[in-house]
Amino acid sequence: MPGVTPRVRAALFDLDGTLVDSLDTIAEATVEAFARHGHHVTAEQIIPRIGPPMEVVAREVTGAGPDESQAMYTTYQDLYYTEYIQRTPPHEGAHDLVEAMCAAGVALAVVTNKNEYGARLMVAVQGWDGRFGSIVGRDTASHYKPHPAPAPVPVLEAP
């Protein structure tokens with residue numbers, strides 16, 4: 001309609017690389033996890049591969065089979081969620097953006113390739129509890145991103 005300004009009603013966010021600057025902490029946890037399984041890699045080898053599920057990264061970088069890759073992923077998760085996630089900083093302006101969108105009544109959701117537990121933990125670490133009406137992780141979606149299936153439809157009401 002002429003003269004009507006469209007209003008954003010909902011926004012979906014990724015976490016890693018979008019709201020939080022997690023490359024270094026993910027890489028550090030991965031290097032330590034892989035070393036615990038006898039595979040010595042560097043953060044420089046890991047950083048360009050961050051995005052796909054970690055067991056895929058494990059297979060690509062180390063040549064590990066499916067069982068060992070899964071074990072490496074489990075070790076990574078234990079390390080990341082207990083030691084590294086707490087040091088993950090938000091991207092500049094992320095807090096202000098989330099707060100402004102909430103104040104404007106925009107419904108927010110997170111869709112990530114982290115598992116849902118990790119996504120909820122990251123949201124809590126950043127102080128964003130209660131800001132996202134829906135949090136969808138790789139384990140709660142029928143497909144991994146970038147497939148559109150994980151997008152919550154309809155996005156829940158703004159908190």
Side-chain angles (χ1 to χ4, degrees), residues 1-34 41-58 60-61 73 75-159:
M1 296 175 96
V4 174
T5 304
R7 179 177 156 332
V8 174
R9 296 187 347 226
L12 305 178
F13 287 98
D14 185 20
L15 286 172
D16 299 307
T18 302
L19 291 176
V20 298
D21 187 6
S22 56
L23 288 179
D24 290 340
T25 53
I26 289 172
E28 292 166 11
T30 302
V31 167
E32 184 174 342
F34 288 12
V41 299
T42 65
E44 292 75 24
Q45 290 174 285
I46 299 302
I47 287 174
R49 292 177 169 84
I50 293 174
M54 192 54 66
E55 58 267 42
V56 172
V57 174
E60 288 177 357
V61 174
Y73 173 58
T75 301
Y76 159 79
Q77 283 186 306
D78 291 344
L79 287 167
Y80 189 68
Y81 297 149
T82 60
E83 298 177 32
Y84 289 89
I85 201 169
Q86 295 79 5
R87 297 192 325 245
T88 302
H91 273 297
E92 185 176 334
H95 282 297
D96 291 341
L97 175 64
V98 169
E99 293 305 317
M101 293 182 89
C102 285
V106 177
L108 303 179
V110 167
V111 180
T112 180
N113 276 337
K114 280 189 179 328
N115 64 31
E116 185 176 331
Y117 170 79
R120 290 185 182 281
L121 181 57
M122 180 64 79
V123 165
V125 163
Q126 298 303 326
W128 295 326
D129 284 331
R131 304 295 193 279
F132 296 92
S134 182
I135 297 176
V136 179
R138 63 178 274 184
D139 57 332
T140 52
S142 58
H143 295 83
Y144 299 144
K145 290 180 349 170
H147 193 282
V153 181
V155 173
L156 299 179
E157 294 297 316

Can you tell me how far [atom2] of [Y] sits from [atom1] of [X], rounded to the nearest 0.5 angstrom?
| X | Y | atom1 | atom2 | result |
| --- | --- | --- | --- | --- |
| Ile26 | Ile47 | CD1 | CD1 | 9.5 Å |
| Asp96 | Met101 | CG | CE | 13.0 Å |
| Arg87 | Asp24 | CZ | CG | 10.0 Å |
| Gln86 | Tyr80 | CD | OH | 9.0 Å |
| Gln45 | Glu60 | CD | CD | 12.0 Å |
| Tyr76 | Ile46 | OH | CD1 | 10.5 Å |

For this session: Mind checking side chain to side chain contact (heavy atoms under 4.5 Å, CB included) for Asp78 and listing every partner two or more places apart, or none if nothing turns up?
Result: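 For Asp78, the residues satisfying side chain to side chain contact (heavy atoms under 4.5 Å, CB included) (neighbours in sequence not counted) are Thr74.
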For this session: Kindly write out the residues that satisfy side chain to side chain contact (heavy atoms under 4.5 Å, CB included) with Thr18, not counting sequence neighbours, or none if the list is empty.
Result: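 For Thr18, the residues satisfying side chain to side chain contact (heavy atoms under 4.5 Å, CB included) (neighbours in sequence not counted) are Phe13, Asp14.
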[X] and [Y]: which non-hydrogen atoms are nearest, and at how many Å?
| X | Y | result |
| --- | --- | --- |
| Arg7 | Gly105 | NH2-O, 3.8 Å |
| Arg131 | Cys102 | CD-SG, 3.6 Å |
| Val20 | Thr88 | CB-CG2, 4.0 Å |
| Met54 | Arg138 | N-NH1, 4.2 Å |
| Val125 | Ile85 | CG1-O, 3.7 Å |
| Gly17 | Ser22 | N-OG, 4.1 Å |

For this session: Would you check if there is a donor-acceptor pair between the side chains of Tyr84 and Glu32 at a distance under 3.5 Å?
Result: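 Checked: Glu32/Tyr84 side chains pair up, N/O donor to acceptor below 3.5 Å.
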For this session: Among Asp129, Ile135, Val110, find the one that has a side-chain contact (heavy atoms from CB on, under 4.5 Å) with Arg120.
Result: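 Output: one option passes, namely Ile135.
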Exercise. Under the side chain to side chain contact (heavy atoms under 4.5 Å, CB included) criterion, do Leu19 and Gln126 qualify, and how do the steps go?
Worked result: CA-CA 10 Å; Leu19 291 176; Gln126 298 303 326; over 6 Å; no
For this session: Apply the test side chain to side chain contact (heavy atoms under 4.5 Å, CB included) to residues Tyr73 and Asn115: give CA-CA distance (whole Å), side-chain angles for both, the deciding distance (0.1 Å), then the verdict.
Result: CA-CA 12 Å; Tyr73 173 58; Asn115 64 31; 3.9 Å; yes
Exercise. Hey, are the side chains of Leu108 and Trp128 touching, using non-hydrogen atoms and a 4.5 Å cut-off?
Worked result: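 No, side chains not in contact.
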Problem set entry | Polar side-chain atom of Asp16 near backbone of Gly51 as donor-acceptor pair, under 3.5 Å |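 Pair absent, no side-chain N/O of Asp16 close to backbone of Gly51.
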